[in-house]
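What follows is a short report on a single structure.
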Amino acid sequence: MEVKTSLLDNMIGVGDMVLIEPLSEDTFIENLKKRFDHSEIYTYIGSVVISMNPYKSLPIYTAEKVEEYRNRNFYELSPHIYALADEAYRSLRDQDKDQCILITGESGAGKTEASKFVMSYVAAVCGKGQEVNKVKEQLLQSNPVLEAFGNAKTVRNDNSSRFGKYMDIEFDFKGDPLGGVISNYLLEKSRVVKQPRGERNFHIFYQLLSGASDDTCYIDCNLRLLLFQAYYARDALAKNLYSRLFSWLVTRINESIKAQTKTHKKVMGVLDIYGFEIFEDNSFEQFIINYCNEKLQQIFIELTLREEQEEYIREGIEWTNIEYFNNAIICDLIENNKNGILAMLDEECLRPGTVTDETFLDKLNTVCAEHQHFESRQSKNSKFLTDHSLPHNCFRIQHYAGKVLYRVEGFVDKNNDLLYRDLSQAMYKANHSLIKILFPEGNPAKVNLKRPPTAGFQFRASVGTLMKNLLTKNPNYIRCIKPNDEKAAHIFTDSLVCHQARYLGLMENVRVRRAGYAFRQPYEPCLERYKMLCKQTWPHWKGPARKGVEVLLKNLQVPAEEFAYGRSKIFIRNPRTLFFLEEKRRQCLGDLATLIQKIYRGWKCRTHFLLLKKSQVVVAAWYRRFAQQKKYQNIRSSALVVQSFIRGWKVGFRCTACRTNVSFCVQMQKYFMGLKKTMPSMSPVDKSWPARPYCFLDGMHQELRRIFHLWRCKKYRSQFTEEKKATYEEKLAASELFKDKKALYPSSVGQPFKGDYVEITKNPKYQKLNSLVEDKVLLADVVSKINRANGKVRTLSSVIFLLTKKSFVLADQKTGQVKASVPLLDLSSVSVSTQSDGFFALKLKEGSTSAAKGDFLLSSDRLIEIITKLHRIGAASADRNQINIDISDEFLVQFKQDKVCVKFIQGTPKNGNGVACKRKNNRLLEVSVPSP
């Protein structure tokens, strides 16, 4: 039996948060902490993976781990990011379902590393080949370039992604990668001109400067990209230049990694984007980031519920409505085209007159005052007038992850993101070709007076496109959490983890998953895991897996309301039921371990005993050999003494013996010469043998006679052909059957058994009959048949009797038409008399199809040959019993509904010397046979 592991085996804490009992925020955090302390950084919430940043290298990403999780069920092994990557890849490859992997979490939680692990796993398990390896290498090598231009060191993370990235990896029908497309979202371009205290600019600047000369560094510093004295213009140009450079870089990477074929493609998307952000000072950037996370949370809830509902429908389980917080009202507050916050911000940026952050806040206070998720101290809602935690220049939104305070300072300028036209034109006139490409609107021939879209509008459009893209794919979620702000291993800050768990909506996720059935598993692995808990299912269940699970749960008396049977899975409502099964299994495994130990000890002791026994036998054999050797030596020494005395006696006797020996030799010579002249013939039936000349030769004379007879018989047998041998074997069988039992037998001894007496293969009249018989005809003869009708015996009629290895056939003598064909399997016995008549009865098995009209009573002069061949066919066949031969002057024959006794008597028939039949009454048929 193959042993399989499970996330329930050797579990540290609870591997799946859906099974945690009781469910609360404290138990949730405590379970994460317990697993983190044991370097178990992955935990499931159903099919969602929670990933804790360990801030150290772990030996769980090796090639051996890749093979361990390859083509395995999601819940078959302990939680791992490889399990999710494998599930997504196999669904894409085998079920033709496009996939998306959504990786979320705050800066420093390990989102970028998680995306790398996913991509490296997919690259490891997909196909091989020169072209495929080239595509995989291009996809993997796109990450370092994007990290150099889009990542920076922050107080929270030394390699923080300052942009959102979505990559569509395209596969062919075999699951081999063809290429990819990268989309970037909301590059933090303000970092180019201003960084928070303790943080750095994008990596690329330091990489360039580390490889440049001192003169280059001096010129770069003084150029500042002296030309621009106005701070606003300088910063706007620097931000736009870097943002456009980054977009150009993404475009170039896309051109490099795009699929070269236009065939149908399967797609796996990987989204690595900012998590929900709540800082002490939250501005426009945090507002649109959190808006994006609201949309992701909305799609997460929607797709999770849809997935649950689809599985229930697919498995035939009644759908239960799940109550959950629908954050659509918050998304509407932000993105509504008429009175959403982003729409009002765009209106303020576009309207004529004086536009400031304060006028924008006044508009929010007017329009959103009554909204239950909007809070402002200056709004018409009087309950916030005395709320000193809410400054006058701020507003607060109650997001799904908690309340966030936004300072309106900079909202209007950051949303406008304007670049003066003369700056664009100046950049277009630059000598560097790349600068011209980055600023196409600076071309004087293509002056566009239309105001460019705002940052908020662009971001809202790109998020909408992203959401539509994600809704067409099967989602897979990785929720990244950082355990501490010190970026150190082995430190778990409860408050920080709790804060992230809240704004990631993990508790909400668990509640949604547990609202229906907390645990579900296919019948086969469920039965395999718990079959030892029931005698009917242990050790091997013969029937369907579902039936085995039903028997198992009934035997364990699990309440019916605690589970439901789907088409391919068992659904368990409460985690307590699962833990009850696990506890029972642990107890049973202990008992089984004891049993195995007992059997092993017994086997070990028996093996030791057999070894001792074998050793004892060897020792005893050597001892017996030694004893026999000693006995032999004693006997040999005694024999030598006896021999010495005998040889001495022979020396004195030899002289007398020599004279006697000469006479004996002469007599023997005469005996053999006389025997040679009087040898009998080579016929085995010749019983003559010459008389012995001397009485002392009597024993030798008889032995020579026996030896000569055996040699003569062997010589005679060697002359037989196979056909003649078979004939003699039939004659021998006839002798065993009828000698001294049937008076007709002596007359058959001299007659050879020919078999075919009507020349059925040559006679044109019987060619059609011969073709109807499938097997080789062993005997064909004309026999007489007693006709059966209305229970009376009529005259004898002549019919053709054919015998094959499988059946006998009765046919009309004149026309050759088959009257009856009976399989030998339906023949039970044959009855004949002891007289010299040729009558024989073929008795059929009761209940067989052939026995409908009764037995057959036939007569033939070749009765001995017919019965012998029938008997030999039954003896040679392995699939039927030997046919019984009954020799008696009185036997019963079944004629339709009546059983008739056939009795043979000696007498003189009326019309000559033949045999006569006479029906005495309905129960007796008398056959008169001439006296010998």
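Quick note: residue numbers are just sequence positions, from 1. For clarity, every value in this text was computed on a predicted model and none was experimentally measured.
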Original post:
Are the side chain of S828 and the backbone N or O of K843 linked by a donor-acceptor pair below 3.5 Å?
Top reply: yes
**OP:** Given side chain to side chain contact (heavy atoms under 4.5 Å, CB included), test V783 with S798 step by step and report yes or no.
**Re:** CA-CA 6 Å; V783 301; S798 296; over 6 Å; no
Subject >> E890 side chain vs F904 backbone, donor-acceptor pair below 3.5 Å >> reply: no
Subject >> Note: K903-D889 ion pair, threshold 4.0 Å (strictly below) >> reply: no
Original post:
Which atoms form the tightest heavy-atom contact between Y530 and L552, and what is the distance?
Top reply: O-CD1, 3.3 Å
**OP:** Give a yes or no answer on whether the side chain of R712 reaches the backbone of S681 with a donor-acceptor pair at less than 3.5 Å.
**Re:** yes
Subject >> Over 12 foreign heavy atoms within 6.0 Å of NZ, K731 >> reply: yes
Subject >> Y766 versus Q813, closest heavy-atom pair with distance >> reply: OH-O, 2.9 Å
Subject >> Passing candidate, salt bridge (Lys or Arg N to Asp or Glu O under 4.0 Å) with D812, options K785, K765, K819 >> reply: K819
Original post:
Do any N or O atoms from the side chain of K742 and from the backbone of Q835 form a donor-acceptor pair under 3.5 angstrom?
Top reply: yes
Subject >> Atom pair OG/CD1 of S859 and I786 - distance to nearest 0.5 Å >> reply: 7.5 Å
Original post:
With side chains defined as the heavy atoms from C-beta onward, is the minimum distance between K776 and T804 less than 4.5 Å?
Top reply: no
Original post:
Quick one: does L779's side chain get under 4.5 Å of F808's, heavy atoms only?
Top reply: no
Original post:
Is it true that R692 and D698 make a salt bridge, defined as a side-chain N closer than 4.0 Å to a carboxylate O?
Top reply: yes
Original post:
When you look at NZ of K65, are more than 12 heavy atoms from neighbouring residues, nucleotides or ligands closer to it than 6.0 Å?
Top reply: yes
Subject >> side-chain contact (heavy atoms from CB on, under 4.5 Å) partner of D855, chosen from V900, L892, L844 >> reply: L844
Original post:
Is any side-chain heavy atom of L704 less than 4.5 Å from a side-chain heavy atom of L675?
Top reply: yes
**OP:** Return the minimal non-hydrogen interatomic distance between S833 and I887, and the atom names on each side.
**Re:** O-CG2, 3.8 Å
Subject >> Test item: S78 and Y69 side chains (from C-beta on) under 4.5 Å apart, heavy atoms >> reply: yes
Original post:
Do L858 and L842 have side chains that get closer than 4.5 Å, going by heavy atoms?
Top reply: yes
**OP:** Please confirm whether the backbone N or O of R529 pairs with a side-chain atom of R585, one donor and one acceptor, at under 3.5 Å?
**Re:** yes
**OP:** With the side chain counted from C-beta on, respond yes when V782 and F801 share a heavy-atom pair under 4.5 Å apart, and no when they do not.
**Re:** no
Original post:
Are side-chain heavy atoms of Y757 and E865 found at a separation under 4.5 Å?
Top reply: yes
**OP:** Could you tell me whether the side chains of Y632 and S637 share a donor-acceptor contact shorter than 3.5 Å?
**Re:** no
Original post:
Is there a donor-acceptor pair under 3.5 Å between the side chain of D756 and the backbone N or O of I760?
Top reply: yes
Subject >> Exercise: identify the closest heavy-atom pair between A743 and S836 >> reply: CB-N, 3.7 Å
Original post:
Do S888 side-chain atoms and F891 backbone N/O form a donor-acceptor pair below 3.5 Å?
Top reply: no
Original post:
Any side-chain heavy atom of L737 sitting closer than 4.5 Å to one from I864?
Top reply: no
Subject >> Short N-O contact, R872 and E729, less than 4.0 angstrom >> reply: yes
Original post:
Any idea which heavy atoms bring L870 and I883 closest together, and the distance?
Top reply: O-CD1, 3.6 Å
Original post:
Is a salt bridge present between E736 and K739, judged by a nitrogen-to-oxygen distance below 4.0 Å?
Top reply: no
**OP:** Please check if atom NZ in K845 has more than 12 non-hydrogen atoms from other residues, nucleotides or ligands closer than 6.0 Å.
**Re:** yes
**OP:** Would you check, one step at a time, whether the test side chain to side chain contact (heavy atoms under 4.5 Å, CB included) holds for L857 with V902?
**Re:** CA-CA 10 Å; L857 186 59; V902 181; 4.3 Å; yes
**OP:** Indicate yes or no: does D781 engage R862 in a salt bridge with an N to O separation below 4.0 Å.
**Re:** yes
**OP:** Kindly give the heavy-atom pair with the smallest separation between G548 and L527, and that separation in Å.
**Re:** C-CD1, 3.8 Å
Subject >> Any donor-acceptor N or O pair under 3.5 Å, side chains E528, Y523 >> reply: no
Original post:
Short question: side chain of W711, backbone of K714 - any donor-acceptor pair under 3.5 Å?
Top reply: no
Original post:
Just by modelled atom types, is the P690 backbone N or O under 3.5 Å from a matching donor or acceptor in the H701 side chain?
Top reply: yes
Original post:
Would a distance-only check, ignoring hydrogens and angles, find a side-chain to backbone donor-acceptor pair under 3.5 Å from D826 to S848?
Top reply: no
